[in-house]
Each structure stands twice: as C-alpha cells, then as structure tokens.
There are 2 protein chains.
Amino acid sequence: MQLVRDSIERYVKLTDVEWAEVAACWQRHTFPKGSLVSEAGRVESRTYIVEEGVQRIYVEHDGNEHCLGFAYGNSWSGDYDSFIGQRPGRFQVQAITDSVLLGIDHADLQRLYDRIPAMDRWGRLILEEVMQGRATREIELLTLSAEERYRRLLKRSPHLLQLVSQKDIASYLRMTPETFSRLRARVR
Amino acid sequence: MQLVRDSIERYVKLTDVEWAEVAACWQRHTFPKGSLVSEAGRVESRTYIVEEGVQRIYVEHDGNEHCLGFAYGNSWSGDYDSFIGQRPGRFQVQAITDSVLLGIDHADLQRLYDRIPAMDRWGRLILEEVMQGRATREIELLTLSAEERYRRLLKRSPHLLQLVSQKDIASYLRMTPETFSRLRARVR
DNA sequence: GCGGGCACTTGATATGGATCAAGAAGCGAT
DNA sequence: ATCGCTTCTTGATCCATATCAAGTGCCCGC
C-alpha cells in the first residue's frame with residue numbers, strides 16, 4: 001500500500017494512527033487482460049490507484065467505442081463518475097493488460113472523510129488536479145485539427161504508443177483508425 | 001452574501017463564528033456588459049458566484065472563439081482553471097449582460113481552507129459535482145451529432161436561447177452559426 | 001432618427017475526416 | 001505449425017459540416 005501512502009502524502013500529512021486507519025481500507029484487486037474494471041450500468045463501488053498494468057476508459061454508443069483516456073502508473077482508475085455519484089455508470093473501464101489495482105470502497109472512503117479532516121483536503125486537491133488535466137484536454141480537442149492532436153500526443157506522451165493499440169489511441173484522439181494510420185505514414 | 005451562505009450550507013454546516021469569518025472574505029464585483037471577468041494570460045485571483053447576469057467562458061485560437069459554457073443564476077463563474085493553479089489563464093470569461101458577481105480571493109480561500117476544515121469538504125463536494133457535469137458534457141460531445149446536440153439542448157436548457165446569442169450557443173454546441181441557423185429552420 | 005455594424009439567414013461550394021473495401025501482417029488458441 | 005481473429009494499412013468514395021458569399025433586419029451609439 002506504499003503507493004497509496006505516497007499518493008496521499010504528496011498532498012497532506014497523516015499521523016501514524018490515521019495512516020493505519022486509512023491503509024486498512026485499501027485492498028489489492030487483480031484484473032486479467034480484457035476484463036472489465038467498471039461496467040456501464042453498474043454502480044461503481046470502488047475507486048482505484050493503478051499498481052500495475054494499463055486500462056482504458058470509454059463510452060459505448062450505437063456499437064461504437066469512444067475512448068476517453070487511459071490509466072497506468074500510479075494514476076487513478078475506475079469509473080470515477082459513477083463512484084462519486086453512486087449511480088449507474090456510463091463509462092466502461094477495461095484492463096488492456098493484466099492489472100493490479102489498489103481499491104477503496106465508497107462507504108469506507110466516506111468514513112475516512114468523516115473521521116479524518118485531512119482526507120477531505122486530499123480529495124479536494126486530487127480533484128483540483130484532475131480538473132486541470134481535463135481543461136487541457138478540452139482545449140486541445142476544441143482547437144486542434146486531427147493532425148495537430150496527433151503531433152501533440154507524440155510530443156507529450158510518446159510512451160502511450162507502446163502501451164496501447166493504435167485503434168484505441170485513434171479513438172482517444174477522436175479519429176478513426178484509418179485516419180490515424182494515414183497520419184502515422186504522413187507525419188514525420 | 002446570502003447566496004454564498006446558501007451555496008456553502010447546501011453541503012456543510014458552519015457555526016455562526018465560522019460563517020462570519022467566511023462572509024468577511026467575499027466581495028461584490030460588478031462587470032458591465034461586454035467586459036472581461038477573466039482574461040487569458042492573466043492569473044485569476046478570484047473565483048465567483050453569479051448574483052446577477054450571464055457570462056460566457058471561451059478559448060480563443062487562431063482568431064476563433066470556442067465557447068465552453070455559460071454562467072448565470074447562482075452558478076460558478078470566472079476562470080477556475082487559472083484560479084486553482086494560480087497560473088496564467090487559457091480561458092476568457094466575458095459578461096454577456098451587466099453582471100454582479102460575488103468573489104473570493106485565492107489567498108483568502110486558502111486561509112479559510114486552513115482554518116475551517118468544513119471548507120475543505122465543501123470544496124471537495126463542489127468539485128465532485130462539477131466533475132459530473134463535465135462527464136455528461138463530454139459524453140454528449142463524443143456521441144451525438146450536431147442535430148442531436150441541438151435537440152438535447154432544446155430539451156434540457158431551452159432558457160439558454162433567451163439568455164445568449166445564437167452564435168454563442170452554436171459555438172457551445174460545436175458548430176458554426178450557419179449550421180445552427182439551418183438546424184433551427186429544419187428541426188421542429 | 002440616422003448610420004454602421006453585428007446577428008441571423010440562405011445558397012453555393014469546398015473539404016477534413018468518415019466510411020467502405022480488401023489485403024497483409026501479427027498473434028493467440030488449439 | 002495452422003487456423004481464425006483482430007489490427008493495421010492503403011485506396012476509393014462519400015458526407016456532414018465548414019467555408020464563402022450576399023442580403024436583410026435590427027439594435028446601439030452618436
């Protein structure tokens with residue numbers, strides 16, 4: 001659970017007693033490649049931190065899948081939207097590789113929020129950071145052409161190309177696999 | 001400042017003493033129609049709750065404006081992205097009508113967070129709610145055609161058509177004013 | 001109350017990226 | 001190793017929406 005401790009202590013300080021209480025709430029879960037971490041229509045009972053593996057988050061609509069993002073390397077995973085509101089999820093989260101996630105139950109997290117004020121602050125700061133990432137992505141989708149979005153990804157996250165299939169990246173960049181393939185051939 | 005009190009007490013309870021401290025941090029600001037609440041490139045020192053008026057938030061890129069949303073009636077206003085990170089803003093926020101906003105300074109808010117634990121919780125809950133709205137919008141932009149986005153707006157927020165120009169709504173719905181105009185003629 | 005400039009409409013044309021199609025290459029399961 | 005899937009590529013064609021263009025009306029400032 002060292003990962004969880006690091007993630008929390010980046011933002012707030014906990015006493016050892018508090019930390020023990022927090023640690024007791026987290027559990028390790030494994031998801032084989034291809035399995036669903038979160039399923040549309042189901043209320044997500046947990047939120048996760050990625051210990052190992054890669055997952056993708058996407059929406060299904062008319063038989064098409066639209067990829068919203070990927071989770072890996074200490075980032076958050078799971079359908080946070082469903083988790084927060086405790087209502088049936090609209091997203092799916094799928095393990096792209098065998099994955100090990102550290103998860104906490106919604107009820108347990110609420111209890112921690114109630115018992116340890118610093119956890120509220122942690123939650124706030126995490127969300128502030130997430131919001132900033134969203135803003136950046138929103139701006140890019142809004143203002144950039146397909147080719148510019150591809151170039152931007154190449155520059156900012158070239159490692160993604162190693163982790164995920166091109167079709168998923170294409171979807172994440174809001175284009176078809178064909179367009180993505182042509183860009184790869186054409187750009188650089 | 002009743003608006004502020006309501007907004008906070010929807011989420012957490014404060015003692016009268018705490019409330020007095022919070023209230024002292026908020027100030028009323030007026031923005032004449034057309035003026036900028038937040039300006040790209042500037043660090044936003046305040047965040048606002050709308051007491052009166054309508055504002056639009058948008059990005060400029062290559063001389064084009066892309067509208068991300070509107071603020072009115074007790075909702076949040078100002079460049080929250082710049083405010084949170086205290087870095088130069090990428091958005092602009094403009095008063096569409098004469099506006100009265102209740103604002104709090106970044107330093108003051110941090111002080112409240114430090115002195116009143118309930119405020120951290122309030123911040124967290126606010127952000128959780130904002131995130132859910134964003135998720136909904138993201139899904140709609142992802143999965144719906146221009147016509148479907150228009151129909152969805154008609155159903156969910158018909159009042160917007162009274163508050164804002166068609167060209168801003170068109171931009172918000174990710175289409176040109178021409179496309180929007182044609183949809184209006186064609187749909188229903 | 002006049003004039004200039006937006007906002008909106010409507011039509012013609014252009015285009016970025018999607019869709020359809022077919023083949024090649026990689027890979028997991030048996 | 002072989003079969004069957006899925007991914008990736010490449011080409012041809014299509015289409016939703018943008019762009020360009022011109023005209024109308026109306027609102028706001030002087």
Side-chain angles (χ1 to χ4, degrees), chain A residues 31-36 53-54 56 58-67 70 92 94-99 140-154 158 160-188, chain B residues 32-35 53-54 56 58-67 70 94-98 140-154 158 160-188:
Chain A
F31 294 90
K33 175 174 176 172
S35 65
L36 290 178
V54 185
R56 69 184 174 116
Y58 61 98
V59 241
E60 257 190 82
H61 181 82
D62 292 346
N64 294 330
E65 295 178 354
H66 303 267
C67 183
F70 305 97
Q92 304 226 121
Q94 184 188 41
I96 289 180
T97 66
D98 287 342
S99 298
E140 291 188 0
L141 287 176
L142 212 53
T143 60
L144 303 182
S145 69
E147 176 171 339
E148 288 168 322
R149 296 198 298 278
Y150 172 59
R151 287 182 185 279
R152 194 67 67 100
L153 182 85
L154 267 192
L160 256 191
L161 289 158
Q162 266 51 65
L163 299 177
V164 213
S165 72
Q166 291 176 201
K167 102 177 163 27
D168 284 335
I169 293 184
S171 171
Y172 174 67
L173 293 177
R174 304 277 188 279
M175 60 185 80
T176 57
E178 291 93 330
T179 296
F180 185 78
S181 172
R182 283 187 253 263
L183 276 175
R184 266 168 48 85
R186 184 150 58 79
V187 170
R188 174 88 52 99
Chain B
K33 175 174 176 170
S35 65
V54 184
R56 69 184 173 117
Y58 61 99
V59 242
E60 256 189 84
H61 181 82
D62 291 346
N64 294 332
E65 295 180 353
H66 303 267
C67 185
F70 306 97
Q94 184 187 40
I96 290 181
T97 66
D98 287 342
E140 291 188 359
L141 287 176
L142 213 54
T143 59
L144 303 181
S145 69
E147 177 171 336
E148 287 168 323
R149 297 198 297 279
Y150 172 58
R151 288 182 186 278
R152 193 69 66 102
L153 182 86
L154 267 192
L160 257 191
L161 288 158
Q162 264 54 65
L163 298 176
V164 211
S165 72
Q166 291 177 200
K167 100 178 164 26
D168 284 334
I169 292 183
S171 172
Y172 174 66
L173 292 178
R174 303 280 187 276
M175 62 185 80
T176 58
E178 291 93 332
T179 297
F180 185 77
S181 172
R182 282 187 252 265
L183 277 176
R184 267 168 47 84
R186 187 151 55 79
V187 170
R188 174 78 48 115

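Each chain gets a letter, A, B and so on, in the order its sequence line appears, and its residues count up from 1. What you see is a predicted model, and the numbers here were worked out from it, not measured in a lab.
Relative ring orientation between B/Y150 and B/F180 is described as perpendicular, the plane-to-plane angle rising above 60° on a 0-90° scale split at 30° and 60°.
Of the possible polar contacts, none joining the A/T97 side chain to the A/G53 backbone as a donor-acceptor pair under 3.5 Å is found. Between the side chain of B/Q94 and the main chain of B/R56, no donor-acceptor pair closer than 3.5 Å is present. One N or O on the side chain of A/D98 and one on the backbone of A/K33 form a donor-acceptor pair closer than 3.5 Å.
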Show your reasoning for whether side chain to side chain contact (heavy atoms under 4.5 Å, CB included) applies to B/R152 and B/E148.
-> CA-CA 6 Å; B/R152 193 69 66 102; B/E148 287 168 323; over 6 Å; no
From CA spacing to verdict: side chain to side chain contact (heavy atoms under 4.5 Å, CB included), A/R174, B/L142 = CA-CA 8 Å; A/R174 304 277 188 279; B/L142 213 54; 2.7 Å; yes
CA sep, side-chain torsions, deciding dist, call: A/E147, A/R151, salt bridge (charged side-chain N to carboxylate O under 4.0 Å, His left out) | CA-CA 6 Å; A/E147 176 171 339; A/R151 287 182 185 279; 2.9 Å; yes
Annotated protein contacts, base or backbone, on nucleotides 9-25 of chain C with a non-hydrogen cut-off under 4.0 Å, one of B, S, - each = SBBB----SSBBB----
In 5'-to-3' order, the base (B), backbone-only (S) or no-contact (-) status of each nucleotide in nucleotides 22-27 of chain D, using a 4.0 angstrom heavy-atom cut-off, is ------
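Here the C1' atom of nucleotide D/dT7 and the CG atom of A/L163 are 17 Å apart, to the nearest Å. A/R186 places its CZ atom 14 Å from the C1' atom of D/dT10, with the value rounded to the nearest Å. In this entry the distance linking CG of A/D168 with C1' of D/dC8 reads 13 Å, nearest Å.
The ring pair (Phe, Tyr, Trp, His ring centres under 6.0 Å) check on A/Y58 picks up nothing, with sequence neighbours excluded.
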